[in-house]
Amino acid sequence: MQAATGQRDRQATSGWPERLWIVRHGQSAGNVARDDAESSGASLIELAHRDADVPLSALGERQSQALGAWVRALPPAQQPTLCLSSPYERSRQTAYAVMSALTRTQDEVIADERLREKEFGVLDRYTRKGIIEKFPDLAEQRKLVGKFYFRPPGGESWCDVVFRLRSVLSDLQRNHAGERVMVVGHQVIVHCFRYLIENMDEATILAIDREGDVPNCGVTEYAATADGKGLALQRTNFVAPLLDTGTPVTRESDRPAGAR
């Protein structure tokens, strides 16, 4: 009976989730390694793992726990009912911290490969200096084409990411209307969701990107509109959960500017 009632409730709401939070993962070991490589003038970012397996840093774990504490403090009727995550380790760890704070199990985090980091192909692990030295033609092509459309060999453009996220939004409308959904992903994932949900064009989203990196564990929040026809932006880059607990806010990019 409860399941049937829940189904009727979802059908009676709009075609969108009641609330949607899009969160960037906590600071990762890759963020720290990238900064070290850029500051030392190295050509390569030294990492012990492939990108999908890069874990959170110790600070990233604290940031994720602070986010979880904020979610736990919400009234039960305002807490997430569903958590989707990039399958990358740093995102899953962040999502697990949130679900743990809600006394939910890791099995309740749904890993969705469409939420994975933008793929950088042959430019992966190279710093800005390394890209210019080893791939000067690609560096020039990126300048000409622009980061929104530029696709490195073996990698993706922002448009490719947008394409896969369109189907995520369709699934949310079809299967999770009326629910409260938290999505944990990466910086480009946050930007590309904004591009889609807010009906932006290339110039608008790239201007937002130039304003600065999305903070680790920063929250972008949407609510279903009263007419049920869309999602309305509530806030972006919300970091009060970190500030309220005295947890440092970080904004490092996952990749050097030359590869993004």
Side-chain angles (χ1 to χ4, degrees), residues 22-31 33-35 37-38 44-45 47 49-56 60 84-95 111-128 130-131 135 138-139 141-169 183-198 200-218 220 236-237 250-260:
I22 304 172
V23 180
R24 186 187 176 199
H25 60 77
Q27 185 196 59
S28 72
N31 296 149
R34 183 203 68 86
D35 282 352
E38 292 284 3
L44 282 171
I45 301 170
L47 290 171
H49 310 277
R50 63 173 183 158
D51 190 31
D53 298 328
V54 171
L56 293 176
L84 306 178
S85 172
S86 160
Y88 282 29
E89 183 65 15
R90 53 192 180 270
S91 294
R92 292 199 303 172
Q93 286 181 300
T94 303
D112 190 322
E113 72 284 347
R114 295 171 297 180
L115 300 173
R116 70 189 184 277
E117 172 67 284
K118 173 183 175 292
E119 296 179 359
F120 296 91
V122 298
L123 303 184
D124 191 27
R125 297 201 181 205
Y126 283 92
T127 62
R128 182 197 300 265
I131 291 170
F135 305 102
L138 290 179
Q141 183 185 29
R142 182 185 178 282
K143 288 181 182 178
L144 177 65
V145 175
K147 68 190 297 181
F148 193 80
Y149 292 109
F150 174 68
R151 178 190 293 140
E156 294 180 298
S157 67
W158 279 39
C159 281
D160 293 321
V161 178
V162 166
F163 181 75
R164 49 178 155 101
L165 293 185
R166 287 188 185 278
S167 64
V168 175
L169 287 178
V183 174
V184 183
H186 309 267
Q187 173 161 275
V188 173
I189 294 297
V190 175
H191 282 327
C192 289
F193 265 124
R194 291 200 62 186
Y195 170 87
L196 287 169
I197 296 170
E198 299 174 47
M200 295 181 183
D201 58 17
E202 175 193 4
T204 302
I205 191 58
L206 291 186
I208 290 173
D209 180 62
R210 285 193 296 271
E211 292 175 359
D213 292 318
V214 175
N216 293 109
C217 282
T220 294
T236 64
N237 297 338
T250 53
R251 297 175 181 266
E252 299 102 328
S253 170
D254 286 325
R255 285 291 180 271
R260 289 178 302 185

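The structure presented is a predicted model; accordingly, all values stated were derived computationally and were not measured. Starting from 1, each residue takes its place in the sequence as its number.
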request  = Evaluate the side-chain proximity of Tyr88 to Asp53: yes if any heavy-atom separation is below 4.5 Å, no if none is.
outcome  = no
query = Can you tell me if Arg142 uses its side chain to pair, donor with acceptor, with the backbone of Ala139 under 3.5 Å?
reply = no
task = Apply side-chain contact (heavy atoms from CB on, under 4.5 Å) to the pair Leu56 and Gln27, showing each step before the final yes or no.
result = CA-CA 6 Å; Leu56 293 176; Gln27 185 196 59; over 6 Å; no
message = Would you say that Leu169 contacts Phe193 through its side chain, given a criterion of any heavy-atom pair below 4.5 Å between the two side chains?
response = yes
message = Within the 4.5 Å heavy-atom criterion, are Glu89 and Val54 side-chain neighbours or not?
response = no
inquiry  = Tell me if a side-chain donor or acceptor on Arg90 pairs with a main-chain N or O of Ser28 at a distance below 3.5 Å.
reply    = no
Contact check, side chains of Tyr149 and Glu202, non-hydrogen atoms, under 4.5 Å = yes
task = For the pair Asp112 and Arg164, find out whether any cationic side-chain nitrogen is under 4.0 Å from an anionic carboxylate oxygen.
result = no
task = Test Trp158 against Phe163 for side-chain contact (heavy atoms from CB on, under 4.5 Å), laying out the working first.
result = CA-CA 9 Å; Trp158 279 39; Phe163 181 75; over 6 Å; no
ask   = Between Arg116 and Ser86, what is the shortest heavy-atom contact and its length?
value = CA-OG, 3.5 Å
ask   = With ring centroids as reference points, do Phe135 and Tyr126 lie under 6.0 angstrom apart?
value = yes
request  = Kindly compute the distance separating CG (Asp124) from CD1 (Ile45), expressed to the nearest 0.5 Å.
outcome  = 8.0 Å
key: side-chain contact (heavy atoms from CB on, under 4.5 Å) evaluation trace for Thr94 with Cys217   = CA-CA 8 Å; Thr94 303; Cys217 282; 4.0 Å; yes
request  = Please report the shortest heavy-atom distance between Phe120 and Pro152, naming the atom on each side.
outcome  = O-CG, 3.5 Å
Test log, rule side chain to side chain donor-acceptor pair (under 3.5 Å), inputs Arg114 and Ser167 = CA-CA 9 Å; Arg114 295 171 297 180; Ser167 64; 3.0 Å; yes
inquiry  = Counting C-beta onward and ignoring hydrogens, is there a side-chain heavy-atom pair between Leu165 and Leu115 closer than 4.5 Å?
reply    = yes
note = Interatomic distance, CE@Met200 vs SG@Cys192, rounded to 0.5 Å, equals 11.0 Å
task = Report yes if the side chains of Asn237 and Val214 come closer than 4.5 Å at any heavy-atom pair, otherwise no.
result = yes
key: Cationic N near anionic O, under 4.0 Å, Lys147 to Asp209   = yes
request  = Would you mind reporting whether Val122 and Leu138 have side-chain heavy atoms less than 4.5 Å apart?
outcome  = yes
ask   = Ignoring hydrogens and geometry, is there a side-chain-to-backbone donor-acceptor pair from Glu156 to Val161 under 3.5 Å?
value = no
ask   = What's the shortest heavy-atom distance between Asn216 and Arg251, and which atoms?
value = OD1-N, 4.0 Å
key: Residue pair Ser91 / Val184: nearest heavy atoms and the distance that separates them   = O-CG1, 3.5 Å
query = Out of curiosity, Ile22 CD1 to Thr236 OG1, how far, rounded to the nearest 0.5 Å?
reply = 11.0 Å
task = State, with a plain yes or no, whether a side-chain heavy atom of Arg24 is found less than 4.5 Å away from one of Ile189.
result = no
inquiry  = To check you understand the geometry: which heavy-atom pair defines the closest contact between Leu47 and Gly30, and what is its length?
reply    = CD2-CA, 3.7 Å
ask   = Is the His25 ring parallel, tilted or perpendicular to the His186 ring (thresholds 30°, 60°)?
value = perpendicular
ask   = Could you state the interatomic distance from OH (Tyr195) to CD1 (Ile208), rounded to the nearest 0.5 Å?
value = 12.0 Å
Any donor-acceptor pair under 3.5 Å from Asp160 side chain to Ser157 backbone = yes
